[in-house]
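Down below is the structure, laid out as structure tokens.
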Amino acid sequence: MKKVILAMLSVALTTIAFALENVTIRTTYVDGKVTYDTQKFKKQNGGFYRVHIPVDKIKRHMAHIDIIADDAVATKGEHGFWVMGNGASGEFNKDSGQYQPHMCSMPIFGMKNPRGVFVAIVKGLQLEQRPRVVSEKGTYKIYTRFFIKQSAFDPYEDIIVDFYSLPLTADYNEMAKVYRDYQLGRGEVKLLRERVKNNPKLAFSAESIFVRIKHCVKSANWKNPNHREQTPENKAPLNVMKTFDQSMELMKQMKSAGIDKAEICSVGWNIDGHDGPFPQYFPVEEKLGGEKKFREMLAFGNSLGYNMTCHINHHAYFTLSNRWDPAEAVKRADGKTIFKYGFQPSGNVYLPCMHRLYNLWVKDDFLKIKDLGITGIFHIDVHSCEIPFECCDPRHPLNKKQWVEYQNKIIDYAHKVFGGFTSECGMDHVAKGLDYALYMWWSYRKDWNTKDGLAQKYIPMWQLVYHGIIMSNPFLSTVDPLYKHPKPASEKDWFMNCYNFISDPEAQWLKVIELGGRPTYYFQNYDTIKPMIRAYNEYQPLKYLQYELMVYHTELAKNVTLTRYEKGDEVVVNYDKEKPFTYKGETIKPMGYKLFKKNK
């Protein structure tokens, strides 16, 4: 009898779930007033629980709205964790602090505590929100905040947040599965193995390494006033890294070394090189050999069996461009002030309105670029890397949702012309058209290294959702794996610090393997290609996994990870520099990995 009771108790403990009865809607107004409205969750068909605020209840005098479930609370010292869609995670071990990501690649957040497990999906007004986790006097709360005041436009859709209660045995793997099933179930995304059936270019990408050749870049200095707003007479000088002739020599070496499948992406082929006078691309940069030599290089790469593509940028608009027209630039809330958001080698960075970009230039540009000899899927810089912008020019206004609609129109056209689309970071609002993410994050601590340390760990939520759907490389620091990365010149050099965050070349490669990445090369000169050759050869027995969903990830021990795919195949990675690790009777050497096939 005692054994029966214990067995029943064990079953109960594994199936216990959050009740998800009440939710608090906390509204902060622009005048500082705060109101609290406690409501009952509404259970939906499918078993999840919904919070729904109709758009006509969302007013412009509201600063922000927080959706706080009564169960989304934990106390310092309790077992469990919180996690967000960008993979940021932490345990309950801080008295105070808060974390809100600058941007979050997927509209999800979750928590596990001793009372249950849940994951939430933001399904309405998701472009206007970001999740937050707060600890006050040791009490943790995780919720999403909708930023009403920050938008220059009236709210355009209902707020909808759905909460999914999971068994107490669940963890981040089951949380990711909920969102993956949601995305696949509604047809927002499709499996990679299905999409390649009628797309040989995409199939080639899935089975090849990605090699970006950086031809040239302008050497601009933001402190130089002439470089802030450049003209043809005062523009910054050009630094040539690899001419088209030199690029052909590199490809010849690669092919001779047995690298048979590579997608070669030309970066800085255009006038004035990388971050040139976008969105102007032609004429092809003469210092590299000009258009005739570029066509020759593309044809040569194609003759070797490589797929050839190139890189452009739609998220920069420079006064140096022959297309510069203030009327086509993104405007701030007053409808007149041109939005400026940084500095690049061609000067101060403005933004072309996505509506004007699509209607004025994209269709002609894509056909003209394709005609050069492009055979690979197309890379548009930044396009999947940023949260959506707004344009308040009264002649072509776009709220964030409309901005995304035009982004996806551009992506659809890239698929039509080139057979696919690649970019950076894998933001969710363009997931349905994204084939490959160059890297998911610049550095997985750059945005999380808060003074209070509330965000403490990276969990591969994105890979658990999208591997087998979208190809990816994990981080900026895992570009050029097995190559020694140059040290940053200073702590202020944020880009090189991100690139060098995983400084050990072997660890870079292990991280690519652990997270199912596609080997990616970009920033080196490749005077030697030995590291690339090794990565290519080691990738061959692993590349079939690109077509499989990643269904489970865990730490088997300190510095040892396990990644499992949908058919049961597993990859164990041992990051320990001294100790071997034994799994299923086999030894994984220090700083090594091993593939375990379920059906050998």
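Y536 is listed as a side-chain neighbour of Q540, based on a closest heavy-atom distance under 4.5 Å. In this structure, the side chains of K511 and L515 come closer than 4.5 Å at one or more pairs of heavy atoms. Under the 4.5 Å side-chain criterion, counting only non-hydrogen atoms from C-beta, I338 is not in contact with Y317. Side-chain atoms of K416 and Y413, non-hydrogen and from C-beta on, do get closer than 4.5 Å to each other. No side-chain heavy atom of T563 sits less than 4.5 Å from a side-chain heavy atom of L545. The shortest side-chain heavy-atom distance between P486 and Y499 falls under the 4.5 Å cut-off.
T309 and E263 are not linked by any side-chain donor-acceptor pair at a separation below 3.5 angstrom, with hydrogens and angles left out of the test. Residues Y182 and D162 bring no donor and acceptor atom of their side chains to less than 3.5 Å of each other. Remark: the D275 side chain and the S346 side chain contain no N/O donor-acceptor pair separated by less than 3.5 Å. A donor atom on one side chain and an acceptor atom on the other are not found under 3.5 Å apart for H553 and Q463. If you check the side chains of Y526 and D480, you find a donor sitting under 3.5 Å from an acceptor. Side chains of K123 and Q126: no donor on one and acceptor on the other come within 3.5 Å. For the residue pair N348 and R228, a side-chain donor N or O sits within less than 3.5 Å of a side-chain acceptor on the partner. D428 and Y466 are linked by a side-chain donor-acceptor pair at a separation below 3.5 angstrom, with hydrogens and angles left out of the test.
Shown are F318, F389, W324; of these, the ring-ring contact (aromatic ring centres under 6.0 Å, His included) with Y350 is made only by W324.
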Would you tabulate the side-chain donor-acceptor contacts of residues 351-361 under 3.5 Å, counting partners in other chains and residues two or more places apart, or write 'none'?
unit_1	atom_1	unit_2	atom_2	d
R356	NE	E328	OE1	2.7
N359	ND2	H355	O	2.8

inquiry  = Evaluate Y522 against Y439 for ring-ring contact (aromatic ring centres under 6.0 Å, His included), listing each step before the verdict.
reply    = CA-CA 11 Å; Y522 185 5; Y439 49 79; 8.3 Å; no
inquiry  = I'd like to know whether F523 forms a ring-ring contact (aromatic ring centres under 6.0 Å, His included) with H485, so could you lay out the CA-CA distance, the side-chain angles of the two residues, the decisive distance to 0.1 Å, and finally the verdict.
reply    = CA-CA 9 Å; F523 299 109; H485 293 188; 8.3 Å; no
query = How far apart are the C-alpha atoms of R295 and E291, what are their side-chain angles, what is the distance that settles it, and do they pass the salt bridge (charged side-chain N to carboxylate O under 4.0 Å, His left out) test?
reply = CA-CA 6 Å; R295 287 179 178 272; E291 183 173 322; 3.1 Å; yes
inquiry  = Could you go through Q129 and I159, starting from their C-alpha distance and side-chain angles, then the distance that decides it, and tell me whether this counts as side chain to side chain contact (heavy atoms under 4.5 Å, CB included)?
reply    = CA-CA 10 Å; Q129 60 83 39; I159 287 175; over 6 Å; no
request  = Go through the steps for Y156 and S151 under the test side chain to side chain donor-acceptor pair (under 3.5 Å), then give the verdict.
outcome  = CA-CA 11 Å; Y156 46 81; S151 175; over 6 Å; no
ask   = Taking it one step at a time, do Y539 and Q546 satisfy side chain to side chain donor-acceptor pair (under 3.5 Å)?
value = CA-CA 11 Å; Y539 183 57; Q546 292 295 336; 3.2 Å; yes
query = side chain to side chain contact (heavy atoms under 4.5 Å, CB included) between E424 and L476: does it pass, once the steps are laid out?
reply = CA-CA 10 Å; E424 303 171 270; L476 185 62; over 6 Å; no
ask   = Where do K218 and H227 land on the side chain to side chain contact (heavy atoms under 4.5 Å, CB included) test, with the steps shown first?
value = CA-CA 10 Å; K218 292 171 72 175; H227 290 178; over 6 Å; no
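The backbone N or O of K201 sits less than 3.5 Å from a side-chain atom of S205, completing a donor-acceptor pair. The backbone N or O of G373 lies less than 3.5 Å from a partner atom in the side chain of N302, making a donor-acceptor pair. The main-chain N or O of K401 is found under 3.5 Å from a side-chain atom of N399 such that the two form a donor-acceptor pair. Between the side chain of T520 and the backbone N or O of V479 there is no donor-acceptor pair closer than 3.5 Å. Listed for the S384 side chain is no donor-acceptor partner under 3.5 Å among the backbone atoms of T422. Side-chain atoms of N473 come within 3.5 Å of backbone N or O of F475 as a donor-acceptor pair. No side-chain donor-acceptor contact under 3.5 Å links T231 to the backbone of E229. R130 places a side-chain N or O within donor-acceptor distance of the main-chain N or O of P101, the cut-off being under 3.5 Å. Checking side-chain atoms of E285 against main-chain N and O of D272 turns up a donor-acceptor pair under 3.5 Å.
Listed by chain and residue number, K293 satisfy the salt bridge (charged side-chain N to carboxylate O under 4.0 Å, His left out) test with D245 (two or more places apart in sequence, or in another chain). Residues passing the ring pair (Phe, Tyr, Trp, His ring centres under 6.0 Å) test with H429: none are found, sequence neighbours excluded. With sequence neighbours excluded, the residues forming a side chain to side chain contact (heavy atoms under 4.5 Å, CB included) with K255 are D260, L304, Y306, listed by chain and number.
A distance of 10.5 Å separates CE of M427 from CE of M106, quoted to the nearest 0.5 Å. Remark: F501 CZ to M496 CE distance equals 14.5 Å, nearest 0.5 Å.
Annotation: ring pair (Phe, Tyr, Trp, His ring centres under 6.0 Å) contacts involving residues 237-270, sequence neighbours excluded, comprise H215-F244, F244-F294, W269-F282, W269-F294. Listed by first and then second residue, the salt bridge (charged side-chain N to carboxylate O under 4.0 Å, His left out) pairs involving residues 331-348 are K331-D393 (not counting sequence neighbours).
Ion pairing of R323 with D365 is present here, as a side-chain N (NZ or NE/NH1/NH2) and a carboxylate O approach within less than 4.0 Å. For R180 and E566, the salt-bridge test fails: no basic side-chain N is under 4.0 Å from an acidic carboxylate O.
The aromatic rings of F378 and F418 sit parallel, their planes meeting at an angle under 30°, below the 60° perpendicular limit. Between Y281 and H314, the ring planes are tilted. Angles from 30° to 60° get that label. Between F339 and Y341, the ring planes are parallel. Angles under 30° get that label, and only those over 60° would be called perpendicular.
Within a 6.0 Å radius of NZ in K432, other residues, nucleotides and ligands contribute 12 heavy atoms or fewer. At most 12 heavy atoms of other shown residues, nucleotides or ligands fall within 6.0 angstrom of atom NZ in K287.
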